[in-house]
Amino acid sequence: MDNKAPVTVIGLGLMGQALAGAFLKAGHPTIVWNRTAAKADQLVAEGARLASAVGDALQASSLTIVCVTDYQAMRELLGASDIDLNGTMLLNLTSGNSAQAREAARWTEQRGARYLDGAIMAIPPAIGTAEAVILHSGPQSDFEAHKSTLDALGTVTYLGADHGLASLYDGAGLTMMWSVLNAWLHGTAMLRTAGVDAVTYAPFARQIAAGVAEWLPGYAEQIDSGSFPAEVSALEGDARTMAHLIEESEALGVNAELPKLIKAMADRSIAAGHGAEQYPVLIEEFGKP
Ligand SMILES: NC(=O)c1ccc[n+]([C@@H]2O[C@H](COP(=O)([O-])OP(=O)(O)OC[C@H]3O[C@@H](n4cnc5c(N)ncnc54)[C@H](OP(=O)(O)O)[C@@H]3O)[C@@H](O)[C@H]2O)c1
């Protein structure tokens with residue numbers, strides 16, 4: 001318990017309670033505040049101190065974590081006339097978008113605070129384990145000054161000085177997650193028409209997903225260089241296979257929206273003259289509004 005830095009957690013919903021609980025478990029003196037004070041009861045029983053007011057909570061530690069519903073709630077909470085942010089170090093783990101994160105940085109810094117933004121890629125029960133990935137962006141020196149405290153929460157990662165990065169990486173992770181899950185579900189629906197159950201298909205799907213993941217570093221080099229030689233296949237050939245996938249889905253009576261979306265993007269890229277290039281040339285379609 002000795003020598004651990006005190007830390008304040010403001011906002012004790014499901015996530016805030018998990019964050020404060022992980023700090024307590026790691027031996028950090030933990031100061032908490034929540035609009036509905038009763039949500040602090042369990043944490044206080046475990047050794048947390050309930051601050052009497054937001055101002056008291058902010059002054060109690062050299063690091064204050066805010067985790068409330070959204071940025072508007074954060075603004076209402078910290079913008080009250082009796083709150084002095086001067087000299088405070090804030091880490092906002094409230095979910096939002098990159099513009100909100102950059103604006104929150106400007107707003108708090110104008111009021112004399114130091115500000116890091118963060119995104120939690122985990123559910124509350126995972127907090128405090130390596131499985132909980134927590135992304136941070138803002139001044140590197142501020143992240144490093146508090147990293148040993150933040151380590152109590154899980155796998156903490158620093159992404160860069162732009163305050164919007166944590167939110168952008170969070171979004172990139174979510175689009176990956178839902179795209180992979182949708183592709184797996186579409187394949188599962190196709191196979192179920194032949195009596196193959198999901199558990200039988202899952203190991204095969206996992207192998208395919210892992211194989212595709214191996215392509216990413218090489219494809220990323222093509223994207224960064226802006227050159228897409230068809231080393232393994234050309235988009236035109238891929239589009240013919242996509243047509244088969246749509247026909248098969250329709251013939252089986254399963255949902256064909258996903259292969260149609262995939263083919264529509266490839267068709268636009270081919271129409272723009274990229275048919276002889278390799279798949280990652282589609283970045284040009286994804287980069288448009
Ligand atoms: N739960 C998850 O799995 C998860 C995962 C990743 C990220 N997150 C993010 O973490 C944040 C908190 O999520 P949660 O699951 O803890 O939500 P939650 O259980 O609904 O808790 C919301 C918290 O925000 C507080 N709050 C809302 N409006 C407020 C206001 N105007 N002034 C003061 N406090 C206010 C609530 O206070 P009261 O108790 O007084 O209502 C409560 O402490 C969200 O941005 C969420 O997207 C959650």
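Both ligands and their constituent atoms are indexed starting at 1 by order of listing. Heavy-atom basis, side chains included; hydrogens, waters and symmetry copies ignored.
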Ile120 N/O to ligand 1 N/O under 3.5 Å
no

Part of [X] within contact of ligand 1 (heavy atoms, under 4.0 Å):
| X | value |
| --- | --- |
| Ala122 | backbone |
| Asp70 | neither |
| Leu77 | side chain |

Could you tell me, atom by atom, which parts of ligand 1 come under 4.0 Å of a heavy atom of [X]?
| X | result |
| --- | --- |
| Thr94 | 45 (O) |
| Cys67 | 10 (O), 11 (C), 12 (C) |
| Ala73 | 28 (N), 29 (C), 30 (C), 31 (N) |
| Ser95 | 7 (C), 8 (N), 9 (C), 45 (O), 46 (C), 47 (O) |

4.5 Å side-chain heavy-atom contact, [X] and [Y]:
| X | Y | answer |
| --- | --- | --- |
| Thr88 | Arg114 | no |
| Gln17 | Pro124 | no |
| Tyr71 | Asn97 | no |
| Ser249 | His186 | yes |
| Thr193 | Leu191 | no |
| Arg192 | Asp197 | no |

**Report entry** Salt-bridge present (Arg106, Glu103; N to O < 4.0 Å)
**Finding:** yes

Worksheet entry | Note: Glu284-Arg268 ion pair, threshold 4.0 Å (strictly below) | no

Of Gln17, Met15, Arg35, the residue with the heavy atom nearest atom 36 (C) of ligand 1 is Arg35

Filtering Asn92, Val68, Thr36, Leu12 for the heavy atom nearest atom 25 (C) of ligand 1 leaves Val68

Tell me which protein heavy atom sits closest to [atom], plus the residue, atom name and distance to 0.1 Å.
| atom | value |
| --- | --- |
| atom 27 (C) of ligand 1 | Thr69 OG1, 3.0 Å |
| atom 2 (C) of ligand 1 | Pro124 CD, 3.6 Å |
| atom 17 (O) of ligand 1 | Leu14 N, 4.5 Å |
| atom 31 (N) of ligand 1 | Glu76 OE1, 3.0 Å |
| atom 43 (O) of ligand 1 | Asn34 OD1, 2.7 Å |
| atom 39 (O) of ligand 1 | Lys39 NZ, 2.6 Å |

Worksheet entry | Near-ring test Tyr158/His136, centroid separation under 6.0 angstrom | no

Do any side-chain atoms of residues 43-68 form donor-acceptor pairs under 3.5 angstrom with protein atoms, and if so which ones, sequence neighbours left out?
unit_1: Glu46; atom_1: OE2; unit_2: Gln42; atom_2: NE2; d: 2.9
unit_1: Ser52; atom_1: OG; unit_2: Asp56; atom_2: OD2; d: 3.1
unit_1: Asp56; atom_1: OD2; unit_2: Ser52; atom_2: N; d: 2.9
unit_1: Ser61; atom_1: OG; unit_2: Thr8; atom_2: N; d: 3.2
unit_1: Ser61; atom_1: OG; unit_2: Thr8; atom_2: OG1; d: 2.6

Pairs of donor and acceptor atoms involving the side chains of residues 160-175, under 3.5 Å and at least two apart or interchain, shall be tabulated with distances.
unit_1: Asp162; atom_1: OD1; unit_2: Arg102; atom_2: NE; d: 2.9
unit_1: Asp162; atom_1: OD1; unit_2: Gly164; atom_2: N; d: 2.8
unit_1: Asp162; atom_1: OD2; unit_2: Arg102; atom_2: NH2; d: 2.9
unit_1: His163; atom_1: NE2; unit_2: Tyr115; atom_2: O; d: 2.8
unit_1: Ser167; atom_1: OG; unit_2: Gly96; atom_2: O; d: 3.0
unit_1: Ser167; atom_1: OG; unit_2: Ser98; atom_2: N; d: 3.2

Margin query: Determine whether any protein heavy atom is located less than 4.0 Å from atom 20 (O) of ligand 1.
Written below: no

